[in-house]
Amino acid sequence: MKSLEKLPKAKRVKIGKEANEIKNFLRIKFDQKAQEIKEKIKKEAEEKEWIDITAPGKKPILGHLHPLTQVKRKTEEIFQAMGFSVVEGPEIETEWYNFDALNIPPEHPARDLWDTFYLKDKLVLRTHTTPVDVRYMEKNNPPLRIITIGRVFRHEATDASHEVNFYQLDGLMVGKDVNVANFKAVIQEFFRRFFEKPVKIRLIPSFFPFVEPGFQVDMTCLNCEGKGCSVCSQTGWLEMMGAGMVHPNVFKNSGLNPKFWQGWAFGMGFDRLAMMKYKINDIRLFYSGDLRFLNQF
Ligand code: DAH
């Protein structure tokens, strides 16, 4: 177009006209092609980036509370409703709190019942949650009502009903005239609410160094409702826990005067409680981390 100027006038008009026509022709063609390319890109993107809004959503896999935690919360809820506080104590315990303070002197054969893992400096892995009762009474004046649920350890071979590591529930109620009748009422009510079935309990004399008198507590068999079946060896009763009236020496070791205060304590295997609730036949399942088991809760 620029060189048109140099042409003689007669040619300039003719060639100029033709050049303009070519220019316009090319512009239209370019625009058309550009439009085609744009549309092609758009179409390809639509095919590739297509979202099916009617497709079902993908559910993210969520975890949930371990069955022992669920049972722990349920237990705490029931006792809290009856005025009990939930307290905790250390899993690494001193020999004093685990044994001596609970009226189990160093050479006493009762220590054999609670064989554990001994650490340095007179420390042990606690064999029961009962030491928490002493720790609590040292710091709090009666009247008091507490429960504690926690991990305990035993030096023993594992099988379907024994683990080296398991959980216990301990309870304690102390006051001026707290008695065995109160104990029966509270425990029977706990089992009734926990198992959501009417139950009866019975007390049988038993020995624990930290209580006097001591008892074993049985509950109506949940399977046959007391009629007698294979679960309860035809007796209609299931052994549930140890309990008793707090021994005067335990009060003294906790800094309380046994002349003024009396109360009861109980302790039980917490895993066993969960096993009965859900009809689980092997304690080791709780600690296996097997999702086929855990996903059932
Ligand atoms: N600590 C006992 C055990 O591990 C259970 C127990 C029995 C706890 C009687 C108590 C109790 O508080 O009063 O076998």
Side-chain angles (χ1 to χ4, degrees), residues 75 79 84-91 93-105 108-117 124-138 142 144-156 161-175 178-184 186-187 190-191 201-219 238-254 256 258 261-273 283:
T75 302
F79 275 103
F84 285 73
S85 305
V86 176
V87 302
E88 282 185 348
E91 290 169 7
E93 189 51 283
T94 63
E95 254 185 73
W96 165 260
Y97 284 112
N98 198 77
F99 295 119
D100 306 68
L102 292 172
N103 204 28
I104 315 171
H108 197 283
R111 286 209 182 189
D112 293 349
L113 294 174
W114 290 280
D115 194 14
T116 184
F117 301 90
V124 298
L125 296 187
R126 68 174 176 191
T127 58
H128 44 188
T129 41
T130 319
V132 182
D133 297 352
V134 176
R135 285 179 174 276
Y136 191 81
M137 286 192 284
E138 278 179 342
L144 53 88
R145 291 181 214 188
I146 56 163
I147 60 153
T148 177
I149 300 172
R151 194 179 215 180
V152 300
F153 307 84
R154 298 279 168 99
H155 182 183
E156 63 188 337
S161 48
H162 295 89
E163 256 292 2
V164 292
N165 154 131
F166 56 102
Y167 281 76
Q168 272 194 346
L169 158 65
D170 241 83
L172 173 72
M173 179 166 173
V174 178
V178 171
N179 55 42
V180 178
N182 304 142
F183 172 76
K184 279 193 84 171
V186 168
I187 295 307
F190 164 64
F191 285 141
I201 63 166
R202 70 173 182 186
L203 309 185
I204 296 172
S206 182
F207 173 72
F208 298 96
F210 27 92
V211 287
E212 183 60 40
F215 2 95
Q216 167 194 319
V217 181
D218 293 354
M219 180 185 82
L238 295 170
E239 185 182 335
M240 295 302 291
M241 58 163 74
M245 296 301 289
V246 180
H247 196 286
N249 286 349
V250 175
F251 278 132
K252 280 184 210 155
N253 290 336
S254 312
L256 295 180
W261 302 110
Q262 62 181 45
W264 45 258
F266 70 87
M268 68 187 298
F270 192 67
D271 306 71
R272 188 145 173 272
L273 196 64
I283 187 174

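One-based numbering, in listed order, for ligands and for the atoms of each. Sequential numbering from 1 along the given sequence is applied to the chain's residues.
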- Message: Below the 3.5 angstrom mark, is there an N/O of F210, backbone or side chain, next to an N/O of ligand 1?
- Response: no
- Can you find an N or O of A265 that's nearer than 3.5 Å to an N or O of ligand 1? yes
- Item | Proximity to ligand 1 by part of H247, non-hydrogen separation under 4.0 Å | neither
- Message: I'd like to know if the side chain of D271 reaches the main chain of Y167, judged simply by a donor and an acceptor atom lying under 3.5 Å from each other, with no hydrogens or angles considered.
- Response: yes
- Trace of the salt bridge (Lys or Arg N to Asp or Glu O under 4.0 Å) decision for E239 with R272: CA-CA 11 Å; E239 185 182 335; R272 188 145 173 272; over 6 Å; no
- Interfacing atoms of ligand 1 (cut-off 4.0 Å, heavy-atom, G242): 7 (C), 9 (C), 11 (C)
- Task: Check ligand 1 against V211 and write out every atom of the ligand that is under 4.0 Å from a heavy-atom position of the residue.
- Result: 13 (O)
- Task: Give me the ring orientation class for H128 and F99: parallel if the planes are under 30° apart, tilted from 30 to 60°, perpendicular past 60°.
- Result: tilted
- Item | Geometric cation-pi criterion, R126 with F153: 6.0 Å, 45° | no
- F190 ring center within less than 6.0 Å of F79 ring center: yes
- Message: Pairs of nitrogen or oxygen atoms closer than 3.5 Å, one from T127 and one from ligand 1: do any exist?
- Response: no
- Message: Within the 4.0 Å heavy-atom shell around D170, which atoms of ligand 1 are there?
- Response: 8 (C), 10 (C), 12 (O)
- Heavy-atom distance to atom 4 (O) of ligand 1: which of R126, Q168, M241, Q216 wins? Q168
- Message: Please determine whether a side-chain nitrogen of the Lys or Arg among E163 and R151 lies less than 4.0 Å from a carboxylate oxygen of the Asp or Glu.
- Response: no
- Has W114 got any heavy atom lying under 4.0 angstrom from an atom of ligand 1? yes
- Would you confirm whether R154, through its side chain, and N165, through its main-chain N or O, come within 3.5 Å as a donor-acceptor pair? no
- Message: Could you check whether any side-chain heavy atom of P258 comes within less than 4.5 Å of a side-chain heavy atom of H247, counting everything from C-beta outward?
- Response: no
- Query: Heavy-atom contacts under 4.0 Å between M268 and ligand 1: side chain, backbone, both, or neither?
  - Reply: neither
- Message: Regarding ligand 1, does D133 bring an N or O atom to under 3.5 Å of one of the ligand's N or O atoms?
- Response: no
